[in-house]
Number of protein chains: 2
Amino acid sequence: MSDRIAASKTADKGATRADEVRLAIEEDIFLGRLRPGTRLDEESLAQRFSISRTPIREAILQLVHAGLVEKQPRQGAVVAPLKLHRMVQMFEVMSEIEGLCARFAARRMSEEEKQALKRLHDTSKAHMEARELDAYYAVNRSFHEAVQAGSHNEPLQEIARGLFARLAPYRRYQLNHPNRVHDSFTEHDDVVEAILAGDPEAAYAAMRRHVTIQIDIFTEFVSIMGGSEIQ
Amino acid sequence: MSDRIAASKTADKGATRADEVRLAIEEDIFLGRLRPGTRLDEESLAQRFSISRTPIREAILQLVHAGLVEKQPRQGAVVAPLKLHRMVQMFEVMSEIEGLCARFAARRMSEEEKQALKRLHDTSKAHMEARELDAYYAVNRSFHEAVQAGSHNEPLQEIARGLFARLAPYRRYQLNHPNRVHDSFTEHDDVVEAILAGDPEAAYAAMRRHVTIQIDIFTEFVSIMGGSEIQ
DNA sequence: TGTCCATCTCTTGTATACAGAGATGGGGGC
DNA sequence: GCCCCCATCTCTGTATACAAGAGATGGACA
């Protein structure tokens, strides 16, 4: 495999090997190269990154605490499989958290931030019209991050990021839903409008609705796929 | 010091040394034996618990990800000192999260859970009247945990627990505020009433108010103490 | 006397070695 | 033929040894 860690382009000023490994594995999970349920063997990871098990263990521990990996003492670590009911609970929280971000954002975003959000939104419109799914997905993420940052509340952002990271491997599926991209854009539209108008409660409601709709699509998706545990 | 880990009474079925150390340090921080800003030296901790540095490092990493400890590569770990503005932000989130818990709890608590909550509340009343501050503080924690559990949403509970843990070392101060215990009880009263009545919005509002008041007391406390960083 | 640089020490980061808990597979008993 | 038990083996948890960076300290020079 030879994934020499040098590949990591993040500013690794002072970063340790463990951090680099964590980022690499995180990315693997995020992009679906490591599916939920996959076992993380310390020895083979050590070989893959050409380092010892010690930093690998540290990286895994960090992932465990981020919720991306599950670990039982003496039984190793696996990429966290998400039980359906738990996933629904997470979306439930996510909708409230993102709603909260939007509410704060409506009150606190500077004029510059608002304009940047508007530009992002316009960009996503272009991607939607061009039917560029991957690009839309990427901008969509930036959009949500912009709103989260607009809350000007760091702990809240951390919570939102954490939930987003844990749901990301699944979130992607929904874009296959008929008309989802278009609907998603329309929902974003409501959010942007409310935030630009500085209307906290409208922003809250719009964002909450946007995320809640995703729950419905998921449960639908899962009920078609069957099975209560998504791998 | 000789803190032989055996002291930990938690069901350590399968728990590792690292877990035990984490719990011990967590408790130290929680109870104020380790003040924010204190340096966590791996070697001395290893000696204190009579184990090697490896599990100590793992424990510290876990604490870092819980937010209780801060760590910079090659510069060691310190018990996280909280900047004032960040603490206020955390309380801001906490009030929403706990409000959310209360809202869900009002809808979802079983009759047994409601009665248990009522009993807890009655116990705290006794402690208030007997002026037993420490006991009141302990029951207060249980009260909040009961409401969180009543939300029947595990990710939400985790978030709430995380915030609570990070704020706990500071939360304690407020009980010195004149009449705080009595007021706190009255606020709890509103929460209990709303939950028992199954009124989600009232429960949300009452809990949110309860936690918000704590923010005011904190900012007051801090403005008296001076300094933007509380050690 | 103050400042800057080199060295030294102390602490953290990483590697490796060892020990023990679970998993696994084969053999024996029913 | 099937199931249970035990030996073995693999992988995790812990200990210890080594490397390397950051800060401290002391001396030399301005």
Side-chain angles (χ1 to χ4, degrees), chain A residues 1-8 10-26 34 37-66 68-81, chain B residues 1-8 10-26 34 37-66 68-81:
Chain A
M1 281 234 180
S2 151
D3 268 74
R4 207 60 189 103
I5 305 180
S8 115
T10 42
D12 28 32
K13 175 66 181 158
T16 73
R17 307 286 164 85
D19 290 324
E20 294 167 356
V21 170
R22 177 179 56 78
L23 285 173
I25 298 179
E26 214 167 67
L34 279 174
T38 307
R39 174 143 194 177
L40 295 175
D41 178 67
E42 296 179 2
E43 186 57 41
S44 33
L45 283 171
Q47 285 178 14
R48 173 177 155 198
F49 291 107
S50 309
I51 56 178
S52 81
R53 277 177 49 223
T54 310
I56 299 286
R57 284 179 62 80
E58 301 209 343
I60 288 180
L61 271 184
Q62 295 184 46
L63 291 166
V64 167
H65 263 263
L68 285 170
V69 165
E70 277 175 13
K71 189 160 178 261
Q72 241 127 23
R74 304 196 177 277
Q75 291 181 209
V78 297
V79 178
Chain B
M1 281 237 179
S2 151
D3 269 72
R4 208 59 190 101
I5 306 179
S8 114
T10 42
D12 27 31
K13 176 64 182 159
T16 74
R17 308 284 166 85
D19 290 324
E20 295 166 356
V21 170
R22 176 179 55 78
L23 285 173
I25 298 179
E26 213 167 67
L34 279 175
T38 308
R39 175 145 194 175
L40 294 177
D41 178 67
E42 295 179 3
E43 187 57 42
S44 32
L45 283 171
Q47 284 177 14
R48 172 177 155 199
F49 291 107
S50 308
I51 57 178
S52 81
R53 277 177 49 223
T54 309
I56 299 287
R57 283 179 64 80
E58 300 209 344
I60 289 179
L61 271 185
Q62 296 185 45
L63 291 165
V64 167
H65 262 263
L68 284 170
V69 165
E70 279 175 10
K71 189 160 178 263
Q72 242 128 24
R74 301 189 184 280
Q75 292 180 214
V78 296
V79 180

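Chain letters run A, B, ... following the sequence lines, proteins first, then strands; residues in each count from 1.
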Gap between atoms [atom1] and [atom2], on [X] and [N] respectively (whole Å):
| X | N | atom1 | atom2 | result |
| --- | --- | --- | --- | --- |
| A:D41 | D:dT12 | CG | C1' | 10 Å |
| B:E58 | D:dG13 | CD | C1' | 8 Å |
| B:R53 | C:dT16 | CZ | P | 16 Å |
| B:R39 | C:dT11 | CZ | P | 8 Å |
| B:E43 | D:dA17 | CD | P | 12 Å |
| B:E42 | D:dT14 | CD | C1' | 14 Å |
| B:R17 | D:dT16 | CZ | P | 12 Å |
| B:F49 | D:dT14 | CZ | C1' | 16 Å |

Inset, instruction - Respond yes when some side-chain nitrogen or oxygen of A:K71 is under 4.0 Å from OP1 or OP2 of D:dC11, and no when none is. - result: no
Inset, instruction - Using only side-chain N and O atoms of B:R57, determine if any of them is under 4.0 Å from OP1 or OP2 of C:dG13. - result: yes
Legend entry - 5' precedence on DNA chain C between B:Q75 and B:T54 (nearest-nucleotide basis): B:Q75
Legend entry - Result of checking A:E42, A:E43, A:Q47, A:E58 against A:R53 for side-chain hydrogen bond (donor to acceptor under 3.5 Å, both in side chains): A:E42
Inset, instruction - Decide yes or no for B:L40 and B:L34: does some side-chain heavy atom of the first lie under 4.5 Å from some side-chain heavy atom of the second? - result: yes
Legend entry - Minimum side-chain heavy-atom gap A:K71-A:L63 below 4.5 Å: no
Inset, instruction - Looking only at side-chain atoms of A:P55, point me to the closest of D:dT12, C:dA15, C:dT11. - result: C:dA15
Inset, instruction - For B:R22 and B:A59, work out which heavy atoms get closest and say how close. - result: N-CB, 3.7 Å
Legend entry - Atom of B:T16, atom of A:P73 and distance for their closest heavy-atom approach: CG2-CB, 4.1 Å
Legend entry - Distance-only donor-acceptor test (3.5 Å): side chain B:R74, base D:dG23: no
Inset, instruction - Would you indicate what A:I60 reaches in the nucleic acid, counting non-hydrogen atoms under 4.0 angstrom: base, sugar-phosphate, or nothing? - result: nothing
